[in-house]
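In what follows, a structure is listed as C-alpha cells, so that the remarks can point back to it.
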Protein chains: 2
Amino acid sequence: MSSEEVLKLENQTCFAVYACAKEITRLYQPVLKELGLTYTQYIAMLALWERDAVSVKELGERLYLDSGTLTPLLKKLEAQGLLTRARDAGDERQLLIRLSAAGKALREKALEVPEKVFCQSGVNVEMMLKIRSQMGELMTALQPVAAADQRGE
Amino acid sequence: MSSEEVLKLENQTCFAVYACAKEITRLYQPVLKELGLTYTQYIAMLALWERDAVSVKELGERLYLDSGTLTPLLKKLEAQGLLTRARDAGDERQLLIRLSAAGKALREKALEVPEKVFCQSGVNVEMMLKIRSQMGELMTALQPVAAADQRGE
DNA sequence: TCAAATTAAATTGTATGCAATTAAAATAAA
DNA sequence: TTTATTTTAATTGCATACAATTTAATTTGA
C-alpha cells in the first residue's frame, strides 16, 4: 500500500471493527433498557445464565474483562437484586457469583432480545453468520498474541 | 434457534465483534505508546492527517464520536502540542481543529504503525481484507437504523 | 426586526475498560 | 514449619463512550 493510503481511515480494518462494535451496542441499548441492563451487564448475565456460581476470574476469562471492570459491574447487578456475591468457603480468595431468583427469572424476558435486535438491524441471517465465523477466526488468530504478551514474550 | 441456544454467548454475533474490537485495540496499544497516543487519539489523528482544519462536528461524524468524547480528547492532544483548537471566525459556534507542525510531523512515525501491528497479529492479508469489507457491509446495514433513530422514527 | 427554533461545543453524570498496585489467602519451597 | 511465591479480587488512576443538559451563536419565520 502506498504511503498515501496506508493511514487512510477507510483502509483501517481496526477502525471498521471498532466502529461496528459501537454501532451494535448502540442498537442493543433501547432493547436492553426494558430489562434495566446495559450492554456489558447483559453479556455478564448471558454468561451467568449459561453457567452459574462462577468466580470473578472465570467470568472475566469468558467475557475478556478484568476485575477492574467486573467488580463495580457485579456490585451494581447485586444492588439490583439479580445476583449475590460471596466468598468461596473452600478458597476465600475467590468470590462466587450466584444468580438470584430474580436473576434467573430475567432470562425469560431476555429470550426475545436477540430476535428484537435482529429485526431492527438491516442485517440478514447469512451476513450475521458469516460475520460471526469471521470474528471467531480473527479471535483465534489474535489470541496467541495476547497469550504470549501475558507470558511476557 | 432453540430457547436453549438463543442466549448462549458463543451464538451472539454482537459479542464476537465486541470482543474482537477490544482485542484489536489491545494489540495497537504497545505500538501506539511509542507515539504517545491512545487508540482513540490515534484514529483522531488519522482523520486529521487525511483532512485538516475541520470542526468537532465533522470529526465526530467521521469517527462516530460525539463532543462528550472528543472535547476532552482534543484538549489532551492540544496539550501535547499536536493540534490547535480555535473558534471559526466565520461561525463562532464551530471549533476548528488544526494540526500543528508537530502533529503533521508525527505522521511520519505513524506510517509504520499498520505494518507493525499487522506483523504482530496472526492475521493474513486475505482475512484482513475480507473482514474489512464485511464490516463495511455491516456498517451500511446498521447505519440506516441509526439515522432513523436520529430522526426519531 | 426580533423572538423562536436550530446548531455546535462544552459540561455533567453514569458506565465501562484496562494497567498498575494493593491486600488477603493459598500454595510452594526451603 | 515458616518464608517466599503465586493467585484472586479490590482499588486507584486515567481514558474513553454516550445520553442529557446547558450555553452561545446562527438561522428562520412571523
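All chains are named by letter (A, B, ...) in the order of the sequence lines, taking the proteins before the strands, and each is independently numbered beginning at 1.
A close approach under 4.0 Å does occur between a side-chain nitrogen or oxygen of A:Lys75 and OP1 or OP2 of D:dT11. Residue B:Tyr18 places none of its side-chain N or O atoms closer than 4.0 Å to OP1 or OP2 of D:dA17. Contact between the side-chain N/O atoms of B:Ser67 and the OP1/OP2 oxygens of C:dA9 is not found at any separation under 4.0 Å. Regarding contacts with the backbone of D:dA9, a side-chain N or O of A:Ser55 is found under 4.0 angstrom from either OP1 or OP2. The side chain of A:Arg85 places an N or O atom within less than 4.0 Å of a non-bridging phosphate oxygen (OP1 or OP2) of D:dA10. Contact check, B:Lys76 against D:dT16: a side-chain N or O comes under 4.0 Å of OP1 or OP2. An OP1 or OP2 oxygen of C:dA10 is reached within less than 4.0 angstrom by a side-chain nitrogen or oxygen of B:Thr71.
Using a 4.0 Å cut-off between charged side-chain N and carboxylate O, A:Glu58 and A:Arg51 make a salt bridge. Comment: B:Lys57 engages B:Glu61 in a salt bridge, judged by a side-chain N to carboxylate O separation of less than 4.0 angstrom. One finds no salt bridge joining B:Lys8 and B:Glu5 here, because no Lys/Arg side-chain nitrogen approaches an Asp/Glu carboxylate oxygen to under 4.0 Å. Ionic pairing of B:Lys116 and B:Glu34 is present here: one or more N-O contacts between side-chain nitrogen and carboxylate oxygen are shorter than 4.0 angstrom.
Residue-to-nucleotide proximity on DNA chain D shows that, of A:Gln29 and A:Leu70, the 5′-proximal contact is made by A:Leu70. Residue-to-nucleotide proximity on DNA chain C shows that, of B:Lys57 and A:Ala89, the 5′-proximal contact is made by B:Lys57. Map A:Lys22 and A:Arg87 each onto its nearest nucleotide of DNA chain D; the residue landing nearer the 5' end is A:Arg87.
By the 30° and 60° cut-offs, the orientation of the rings of B:Tyr64 relative to A:Phe15 is parallel.
Atom CZ of A:Arg87 sits in a crowded spot, with more than 12 heavy atoms from other residues, nucleotides or ligands closer than 6.0 Å.
Of the candidates D:dA9, D:dA25, C:dA19, the closest approach to any side-chain atom of B:Asp91 belongs to D:dA25. For B:Arg93, the side-chain atoms get nearest to D:dA25 when compared with the rest of D:dA19, D:dA25, D:dA9.
Taking atom CG of A:Asp66 as the reference point, atom P of D:dA9 lies 12 Å away to the nearest angstrom. Following rounding to the nearest Å, A:Glu92 (CD) and D:dA10 (C1') show an atom-to-atom distance of 15 Å. Residue A:Leu95 contributes atom CG, which lies 11 Å from atom P of D:dT11 at whole-angstrom precision. Per the geometry, CD1 belonging to A:Ile97 stands 7 Å off P belonging to D:dA10, to the nearest Å. One can place CD of A:Gln94 at 14 Å from P of C:dA25, the figure rounded to the nearest angstrom. One can place CG of A:Leu32 at 15 Å from C1' of C:dT16, the figure rounded to the nearest angstrom. In this structure, CG of A:Leu73 is placed 16 Å from P of C:dT14, rounded to the nearest angstrom. To the nearest angstrom, P of C:dG17 lies 11 Å from CZ of B:Phe15.
Not a single side chain to side chain donor-acceptor pair (under 3.5 Å) links A:Lys109 to another residue, sequence neighbours left out.
Annotation: proximity of residues 33-54 of chain B to DNA chain D (heavy atom, distance under 4.0 Å) is found for B:Thr38, B:Thr40, B:Gln41, numbered in ascending order.
For the side-chain contact (heavy atoms from CB on, under 4.5 Å) with A:Leu82, the lone residue among A:Leu48, A:Leu37, A:Leu35, A:Leu74 that qualifies is A:Leu37.
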